Amino acid sequence: MSRTVYVNGEYLPEEEAKVSVFDRGFLMADGVYEVTSVLDGKLIDFAGHCTRLARSLSELEMQNPHSDEDWLAIFREIVARNGVEDGMVYLQVTRGNPGDRDFAYPSDDVKPTVVLFTQSKPGLADSPAAKTGWKVISIPDVRWGRRDIKTVQLLYPSMAKMAAKKAGVDDAWLVEDGFVTEGTSNNAYIVKGNKIITRALSHDILHGITRAAVLRFASEAQMEVEERNFTIAEAQAADEAFITSASAFVMPVVEIDGAAVGTGTVGRVATRMREIYLDETRKAAV
Ligand code: PDD
């Protein structure tokens, strides 16, 4: 059955939805996005995604076309129209269609293009992979220098994901100057003893909404959190590793570049953090 998608104020069957070939999102990857998960028909971590969207737009000097209340109404409507119980809402805002292709930004009277669609994923929170864990490889991080802005320039993360698939594993961890930055579309963590270690926030990584929640819950659960760089060798020698994202929640990582992490099975901390994250964010879902 055809999905209903949202384009610039209209809810349309996906076959009828159109964006201009002159759209700067298409020509220049000049746009930002958010992925928000839906569990039991409700939005997970919605406020965080709204706040980050506003920040990404502002960093690129783009207008935010809606207030947080308006966004919430649109998100709820697209979820309802598509009958999504478990899945995700994808939102993309681009700098729109100025008519001619030009490197300079157009004036503010060019309206941004706003697109939302949903993907249903029944049983999203019960992913079998959470029981077995992911295997990852490391590859160089050659993305641009403002990874804190959630732009739609996703070619290198796609190439990295393909490299992982070709290597027969689940994902790639990106490495710059000898240290892990993050996964292709997730934040990376290791666990040593009672301590969760993850790279500090900067322009080098996306400021994950799931990361913020997990670190808060970890501190509340009396776990130590250390925000600092780590290498692949340190990760391979850690007790556990995991990643976080809006679509995978907390996902254990059991192998890095062919070396088992800890016992090579899903660890206690990752399992516990996944449980806490899902419990707490479900309670706060809107
Ligand atoms: N990706 N790092 C990168 C590079 C990401 O693309 C993502 C999210 C994250 C985790 O952020 P959050 O916890 O806010 O989802 C970290 C989304 C899920 C995607 O592109 O599908």
Side-chain angles (χ1 to χ4, degrees), residues 25 29 31-39 43-57 59 71 75 86-93 115-121 124-125 127 129 134 136 138-164 170-176 179-189 196 198-218 227 241-251 253 270 273-274 276-278 280-281 284-285:
V32 303
Y33 77 108
E34 282 297 328
V35 176
T36 305
S37 57
V38 177
L39 292 177
L43 299 158
I44 299 293
D45 262 336
F46 179 75
H49 289 284
C50 250
T51 304
R52 185 174 60 194
L53 172 69
R55 179 178 181 277
S56 294
L57 289 168
E59 291 296 306
W71 281 125
F75 270 66
D86 291 347
M88 40 78 58
V89 179
Y90 180 91
L91 158 69
Q92 179 159 327
V93 182
V115 168
L116 280 90
F117 61 81
T118 57
Q119 282 180 197
S120 275
K121 297 206 164 143
L124 178 64
S127 157
W134 278 4
V136 304
S138 62
I139 66 164
D141 193 343
V142 300
R143 297 172 301 163
W144 78 323
R146 287 303 306 274
R147 302 155 192 159
D148 56 311
I149 309 174
K150 197 163 170 64
T151 76
V152 297
Q153 311 171 69
L154 295 173
L155 183 55
Y156 191 69
S158 288
M159 289 169 70
K161 193 75 175 177
M162 289 313 294
D170 303 286
D171 201 25
W173 277 13
L174 308 176
V175 175
E176 185 173 56
F179 295 103
V180 175
T181 51
E182 55 188 335
T184 59
S185 58
N186 48 67
N187 292 117
Y189 308 73
I196 296 178
T198 193
R199 195 175 173 109
L201 296 182
S202 70
H203 289 177
D204 300 340
I205 60 168
L206 187 74
H207 301 187
I209 303 306
T210 320
R211 175 188 184 281
V214 163
L215 294 190
R216 193 174 67 245
F217 298 142
E227 294 180 72
F242 63 91
I243 61 93
T244 64
S245 76
S247 47
F249 308 120
V250 178
M251 182 62 69
V253 168
M273 291 319 304
R274 183 180 173 89
I276 298 177
Y277 177 79
L278 284 169
E280 294 298 322
T281 52

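Note that ligands are numbered from 1 as they come in the structure, with each ligand's atoms numbered from 1 the same way. Being a predicted model, the structure only gives us computed values, none of them experimental.
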**Q** Under a 4.0 angstrom heavy-atom cut-off, which atoms of ligand 1 come close to Ser247?
**A** 18 (C)

**Q** Determine whether Leu91 and Thr36 satisfy the following criterion, side-chain contact (heavy atoms from CB on, under 4.5 Å), listing intermediate values before the conclusion.
**A** CA-CA 8 Å; Leu91 158 69; Thr36 305; over 6 Å; no

**Q** Taking C-beta and beyond as the side chain, do Asn186 and Trp134 meet within less than 4.5 Å on heavy atoms?
**A** yes

**Q** Which of the numbered atoms in ligand 1 are below 4.0 angstrom from a heavy atom of Asn187?
**A** 10 (C), 16 (C)

**Q** Tell me whether Ile209 has any N or O atom under 3.5 angstrom from an N or O of ligand 1.
**A** yes

**Q** Using side chain to side chain contact (heavy atoms under 4.5 Å, CB included) as the criterion, point out the one residue from Ile44, Val35, Leu116 that pairs with Val89.
**A** Leu116

**Q** Is there a donor in the side chain of Thr184 and an acceptor in the side chain of Asp171, or the other way round, less than 3.5 Å apart?
**A** yes

**Q** Which pair of heavy atoms, one from Gly183 and one from Trp173, lies closest together, and at what distance?
**A** CA-CD1, 4.0 Å

**Q** For ligand 1, which atoms have a heavy atom of Thr184 less than 4.0 angstrom away?
**A** 4 (C)

**Q** Assess whether atom NZ of Lys161 is packed by more than 12 heavy atoms of other residues, nucleotides or ligands within 6.0 Å.
**A** yes

**Q** Identify the two heavy atoms, one from Thr198 and one from Ala188, that lie closest to each other, and give their separation to 0.1 Å.
**A** OG1-O, 2.7 Å

**Q** Between Asp170 and Ala164, what is the shortest heavy-atom contact and its length?
**A** C-CB, 4.3 Å

**Q** Given that the side chain starts at C-beta and the backbone is N, CA, C, O, which of these parts of Thr210 lies under 4.0 Å from ligand 1, counting heavy atoms, or is it both or neither?
**A** both

**Q** Pick, from Glu182, Arg52, Glu34, the option with the minimum heavy-atom distance to atom 14 (O) of ligand 1.
**A** Arg52

**Q** Please could you name the atoms of ligand 1 that Gly208 approaches to less than 4.0 Å, counting only its heavy atoms?
**A** 11 (O), 12 (P), 13 (O), 14 (O)

**Q** Among protein heavy atoms, which lies nearest atom 6 (O) of ligand 1, and at what distance?
**A** Ser185 CA, 3.4 Å

**Q** Can you tell me the protein heavy atom closest to atom 21 (O) of ligand 1 and the distance?
**A** Val35 CG2, 3.6 Å

**Q** Side chain or backbone, does His207 bring an N or O within less than 3.5 Å of an N or O on ligand 1?
**A** no

**Q** Determine whether Ser247 and Gln119 make a side-chain contact, defined as any pair of heavy atoms from C-beta on separated by less than 4.5 Å.
**A** no

**Q** Give the residue and atom name of whichever protein heavy atom lies nearest to atom 17 (C) of ligand 1, and the separation in Å to one decimal.
**A** Lys150 NZ, 3.5 Å

**Q** Any atoms of ligand 1 less than 4.0 Å from a non-hydrogen atom of Ala246? List them with their elements.
**A** 12 (P), 13 (O), 15 (O)

**Q** Residue-level breakdown please: for Leu206 versus ligand 1, do any non-hydrogen atoms fall below 4.0 Å on the side chain, on the backbone, on both, or on neither?
**A** side chain

**Q** Any ion pair linking Arg211 and Glu182 (charged N to carboxylate O, less than 4.0 Å)?
**A** no

**Q** What is the nearest protein non-hydrogen atom to atom 20 (O) of ligand 1, stated with its residue, atom name and distance?
**A** Tyr33 OH, 2.6 Å

**Q** Between ligand 1 and Arg143, is the shortest N or O to N or O distance under 3.5 Å?
**A** no

